[in-house]
There are 2 protein chains.
Amino acid sequence: MKKKTTIYDIAKELNITAATVSRALNDNPRISAETKKLVLEAATRLNYKQNRVAQALKSGKSKNVGVVLPYINRNFFSSVIRGIEEELNPKGYYVIISQTHEKENKEIDIVQNLLDAQVDGIIISVSRQTNSNKHFNQVLAKNVPLIFFDRKKEIPGTSSVTLDDFNGAYRATKHLLEQGCRKVAHMTIDLSLLIYQNRLGGYKKALAEYGIEFNPEYVIALQSEITAGKDAAKKLMELPEPPDAIFSATDLGALGAIQHLKEVGMNIPEDFCVVGFSNEPFTQFMELPISSVDQNPVLMGKTAAKVFLEQIDSEGVKIEKNVVLDPTLEIRTSSQKK
Amino acid sequence: MKKKTTIYDIAKELNITAATVSRALNDNPRISAETKKLVLEAATRLNYKQNRVAQALKSGKSKNVGVVLPYINRNFFSSVIRGIEEELNPKGYYVIISQTHEKENKEIDIVQNLLDAQVDGIIISVSRQTNSNKHFNQVLAKNVPLIFFDRKKEIPGTSSVTLDDFNGAYRATKHLLEQGCRKVAHMTIDLSLLIYQNRLGGYKKALAEYGIEFNPEYVIALQSEITAGKDAAKKLMELPEPPDAIFSATDLGALGAIQHLKEVGMNIPEDFCVVGFSNEPFTQFMELPISSVDQNPVLMGKTAAKVFLEQIDSEGVKIEKNVVLDPTLEIRTSSQKK
DNA sequence: TTGTACGCGTTATCAC
DNA sequence: GTGATAACGCGTACAA
């Protein structure tokens with residue numbers, strides 16, 4: 001009910017001026033130990049709380065960081081947010097979340113609104129649709145740190161935290177080769193996207209290392225992540241020379257493939273090995289647990305947050321930092337010949 | 001680089017006063033159509049953006065809503081956030097996220113910090129540990145709307161959005177009985193928590209309706225959600241009269257049970273039916289898709305957000321609203337005898 | 001219809 | 001070491 005107490009209230013209480021109170025509260029060196037003590041006492045006694053909004057207006061720093069991503073309720077994204085929050089909260093920053101729903105329009109609106117709201121930084125995974133860089137340049141123009149994660153744009157002055165998709169794919173494929181598989185197929189989604197290009201690249205590199213010739217017939221782009229894995233596996237198995245392993249760029253692709261392979265009586269992992277990508281929670285719950293490349297999303301979030309903090313700390317100096325995280329291969333039954 | 005343009009800049013531009021500009025921008029009735037037009041023009045021309053912080057300081061409304069929950073990266077919680085964000089964003093509110101990690105201390109800190117940051121409302125799912133109501137009373141004392149979701153506290157002056165656990169459990173159990181099962185067991189977690197009490201209650205009600213006597217031996221409390229389902233199922237199957245169905249209060253419990261049942265050669269759903277609770281994503285991906293009670297988390301979030309908006313709109317009038325959402329039973333193979 | 005003046009709570013810059 | 005004052009950007013009684 002009552003108004004919150006301000007520095008004026010406590011100034012009045014002690015017959016000093018608000019400025020002095022402010023100094024005492026902010027550990028200003030030019031203040032007597034005694035006044036400081038009195039102020040702090042009075043502050044707790046009157047249950048004083050700093051008004052962060054006033055402070056924000058004065059300083060131009062809101063202590064808010066905007067996080068922008070396509071959808072919150074995907075395991076990968078929510079885990080990234082978790083990492084960001086855990087890193088930023090102890091430093092006194094609040095995390096504001098907005099979803100783009102993969103729409104460029106929404107993304108532009110959101111970014112501009114966040115700027116209006118004076119956020120101290122923006123951490124973003126760009127929407128699939130986004131082509132324009134205009135809104136990002138606005139962020140830069142206001143000198144607000146801009147950090148991309150997972151899906152990035154190459155813009156000078158910005159930073160990024162991404163996954164080494166190439167290496168993840170390389171390891172997954174190499175692992176399949178080490179299991180003795182020699183005809184490894186690859187399921188992908190959309191080769192116009194950088195991450196899938198990189199996963200294809202890593203796959204090829206592993207093949208090359210084992211002196212295996214790349215076979216374009218073994219690469220299939222799925223129409224949807226959800227249902228198409230089964231069909232793709234079917235198509236692969238109907239080839240004159242069917243593969244003996246699949247490295248899928250998504251977990252759902254791997255799941256669909258496994259479903260088909262089981263239906264046609266394939267023994268996994270004895271006759272056929274499968275590895276997915278993302279390490280979605282369900283992969284470990286399956287009757288046949290699925291090997292998968294883990295993206296370390298929580299770490300990615302923490303890293304993005306740290307990059308932001310570095311930018312903030314280095315007043316004026318424009319820092320540009322691009323961190324590439326190393327994925328981890330989680331080996332489970334679906335590819336473990338023993 | 002440059003400072004952002006303020007109402008003063010545009011006032012100067014037009015040789016009028018900032019007050020007039022402010023009025024024009026805020027659709028104040030007492031303003032000539034022409035000045036208004038000029039102001040709006042100049043505003044877009046100079047790329048003027050309202051400074052929300054200044055506005056917040058002036059009005060006492062930050063347009064921020066705090067969302068407090070145990071962990072962000074759980075499907076249920078992240079889906080609730082999604083609902084909240086989608087409802088609030090179009091109304092110009094920002095969603096600030098904080099995690100309690102199920103710790104009372106953290107929860108108290110977070111709530112107080114949010115109050116300092118002048119949030120216009122708090123939407124919270126309380127931590128398991130929380131006993132004190134002190135921080136909640138502080139929220140009320142400041143006249144900030146407080147809305148609980150999922151896990152609530154009974155505090156006058158607060159609102160809540162929860163799930164009808166009783167009814168969900170009732171439907172799940174009834175469904176099992178309709179499949180012809182007559183010895184339905186129940187796995188639970190912690191009967192000191194209201195939600196699990198209610199799930200037990202719904203289970204009992206369905207039994208009673210079918211004239212089946214409640215058998216305490218058929219109710220097992222799991223030690224952990226993750227691993228204990230298997231053991232519990234084993235224990236149940238070793239009873240002199242083993243059950244022919246399980247209604248589990250968690251999906252992981254159901255999963256563990258199914259794993260054990262398969263191992264001992266049980267045919268599901270022919271010989272044995274299983275239903276879980278929460279409709280976690282993995283339930284539909286299993287080789288044997290698991291029936292489960294869906295909690296409608298996105299709707300829960302949207303509803304909580306709407307309740308908040310109602311509170312805000314009704315100046316002064318203290319509204320107290322308790323919404324109970326109806327869960328949906330997702331019937332899948334694990335319980336579909338057909 | 002518009003201008004004047006002040007306050008929201010803080011902090012920084014002068015003075016003393 | 002402390003006080004007085006201005007300023008951050010906006011909105012609004014009050015006056016004109």
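The figures here come from the full heavy-atom set of this structure, side chains too, leaving out hydrogens, waters and symmetry mates. In the text below, chain A, chain B and the rest are named by the order of the sequence lines, each starting its count at 1.
Between the side chains of A:Glu107 and A:His101, not a single donor N or O lies within less than 3.5 Å of an accepting N or O. Side chain to side chain, B:Ser160 and B:Lys152 meet the donor-acceptor criterion of an N or O pair below 3.5 Å. Between B:Glu102 and B:Gln129, the side chains place no donor N or O within less than 3.5 Å of an acceptor N or O (distance only, hydrogens not considered).
By the 6.0 Å contact criterion, NZ on A:Lys63 is enclosed, its count of non-hydrogen atoms from other residues, nucleotides or ligands being greater than 12.
Comparing C:dT2, D:dT12, C:dT11 by their closest approach to the side chain of B:Ala19 singles out D:dT12. Checking C:dA12, D:dG1, D:dT12 against the side-chain heavy atoms of B:Ser22 singles out D:dT12 as nearest.
Of the residues in residues 49-64 of chain A, those lying under 4.0 Å from DNA chain D by heavy-atom distance are A:Leu57, A:Lys58.
Counting only heavy atoms from C-beta outward, the side chains of A:Thr20 and A:Val39 never approach each other to under 4.5 Å.
Checking the phosphate oxygens (OP1, OP2) of D:dT2, a side-chain nitrogen or oxygen of A:Ser32 falls inside 4.0 Å. Taking only side-chain nitrogens and oxygens, B:Thr20 comes nearer than 4.0 Å to OP1 or OP2 of C:dG3. In terms of phosphate contacts, B:Thr6 brings no side-chain nitrogen or oxygen within less than 4.0 Å of OP1 or OP2 of D:dG9. At least one side-chain nitrogen or oxygen of B:Asn26 sits closer than 4.0 Å to the OP1 or OP2 atom of D:dG11.
Checking A:Asn28 against B:Thr35, the closest nucleotide of DNA chain C that is more toward the 5' end is the one next to B:Thr35.
In this structure, A:Phe149 and A:Phe76 have tilted ring planes: the angle between them lies in the 30° to 60° band.
A donor-acceptor contact under 3.5 angstrom links the side-chain atoms of B:Tyr8 to the base of D:dC10.
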